[in-house]
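Proteins come first, then strands; the chains are lettered A, B, ... in the order of their sequence lines, and each starts at number 1.
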Number of protein chains: 2
Amino acid sequence: MARPRTAPRTVDHPDLAQVGLQQVMEALVDPVRRMVVSQLVRKGEDMSCGTFEVPVSISTLTHHFNVLREAGVIRQYYVGVTKMNTLRTEEMGERFPGLLPAVIAACAEEAGSDVG
Amino acid sequence: MARPRTAPRTVDHPDLAQVGLQQVMEALVDPVRRMVVSQLVRKGEDMSCGTFEVPVSISTLTHHFNVLREAGVIRQYYVGVTKMNTLRTEEMGERFPGLLPAVIAACAEEAGSDVG
DNA sequence: CCTATATTACGGCTGTCGTCGAAGTAATGG
DNA sequence: CCATTACTTCGACGACAGCCGTAATATAGG
């Protein structure tokens, strides 16, 4: 039987109007998740799940992606067998003005210190 | 014997240069601690520990003040038998530009919705 | 269909955080 | 000196988040 051509693997994303500050803060409080956000910013383009440099196992990383997606921080979509990730920068900027940029800037500043 | 007139009860505050983003995020992720920050902003003046409206016991509240102080978010000082609290807004603004205002704005926005 | 690759779901473990009540300490006022 | 007020410290407890490894699922390609 023919496999369905449409919507092979879909991903649910919340409307940011339904995301609370608590959820976003909980998403951004974890250092591994902030690494993900930072690397997305630094790279400047969408990244597949497997290309992040994080000090945790793959299954744990999946968990972190779920948290970030459910908090509306990232958007995910499948490309073949890989899953791509992108920041929902603009939408977040409308929902929580200045929050994401401030956190990203702080990350970058701290990373800058110890990268030396 | 005469009680010491100098430094009756002192409080230690960190230099913000030594406070990391992780610590500040952990301080601000707790809803009770954000209530404290919000109420300080809303009131517009220093508040004593006992005057905050929070849904926790006094001993728990003490713990939250400690976390906020050690993260550099608030400054505390004694006035007689009461302990006053104030936001370190400016210093935080230099250390993590835009972070505190963004969180405060988001708090206010959410509070506004359900106060309706 | 079979294999390889990429990611997810599940179950369990562990450490930490928020919470409380009770006892302790410090200043104030009678 | 004693009582009162305001806050702190301590110990315990329960809940939950992060972590991992293993088994499962879905796509691409031969």
*Set of residues satisfying side-chain contact (heavy atoms from CB on, under 4.5 Å) with respect to A:Arg95, sequence neighbours excluded*: A:Leu16, B:Glu109, B:Glu110

*Name every residue in residues 18-52 of chain A that has at least one heavy atom under 4.0 Å from any atom of DNA chain C, in order of residue number, or write none if there are no such residues.*
A:Ser48, A:Cys49, A:Gly50

*Give A:Thr82 one of three labels, base, sugar-phosphate or nothing, depending on what nucleic acid heavy atoms sit under 4.0 Å from its own.*
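Here A:Thr82 touches the backbone only, sparing every base.
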
*Hey, does B:His63 reach any base, or is it just sugar-phosphate, or nothing, if we go heavy atoms under 4.0 Å?*
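Base contact - B:His63 has a heavy atom under 4.0 Å of at least one base atom.
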
Write down the distance between [atom1] ([X]) and [atom2] ([N]), rounded to a whole number of angstrom.
X	N	atom1	atom2	value
B:Tyr78	C:dA27	OH	C1'	10 Å
A:Tyr77	C:dT7	OH	P	12 Å
A:Lys83	D:dT27	NZ	C1'	14 Å
A:Leu61	C:dA6	CG	P	14 Å
A:Glu70	C:dA9	CD	P	10 Å
B:Asn85	D:dA6	CG	P	15 Å
A:Asn66	D:dA17	CG	P	14 Å
A:Ile58	D:dC20	CD1	C1'	12 Å

*Is it true that the side chains of A:Ser57 and A:Thr60 contain a donor and an acceptor less than 3.5 Å apart?*
yes

*Using only heavy-atom distances, determine whether the side chains of A:Asn85 and A:Tyr77 contain a donor-acceptor pair under 3.5 Å.*
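Side chains of A:Asn85 and A:Tyr77: no pair found under 3.5 Å.
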
Between the side chain of [X] and the main-chain N/O of [Y], is any donor-acceptor distance below 3.5 Å?
X	Y	value
B:Ser38	B:Arg34	yes
A:Asp15	A:Gln18	no
A:Arg75	A:His13	no
B:Arg33	B:His64	no
A:Thr62	A:Ile58	yes
B:Gln76	B:Lys83	no

Do any N or O atoms of the protein come closer than 3.5 Å to N or O atoms of nucleotides 21-25 of chain D, and which pairs are they?
residue, atom, partner, partner atom, Å
D:dG21, N7, A:Ser59, OG, 3.2
D:dG21, O6, A:Ser59, OG, 3.0

*Return the 5'-most residue of the pair A:Gln76, A:Val81 with respect to DNA chain C, ranking by each residue's nearest nucleotide.*
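First, find each residue's nearest nucleotide; the 5'-ward one identifies A:Val81.
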
*Residue whose nearest DNA chain D nucleotide is more 5′ - A:Val56 or A:Gly80*: A:Val56

*asked:* Check the phosphate of D:dC19 against A:His64, side-chain N and O only, distance under 4.0 Å to OP1 or OP2. Yes or no?
replied: yes

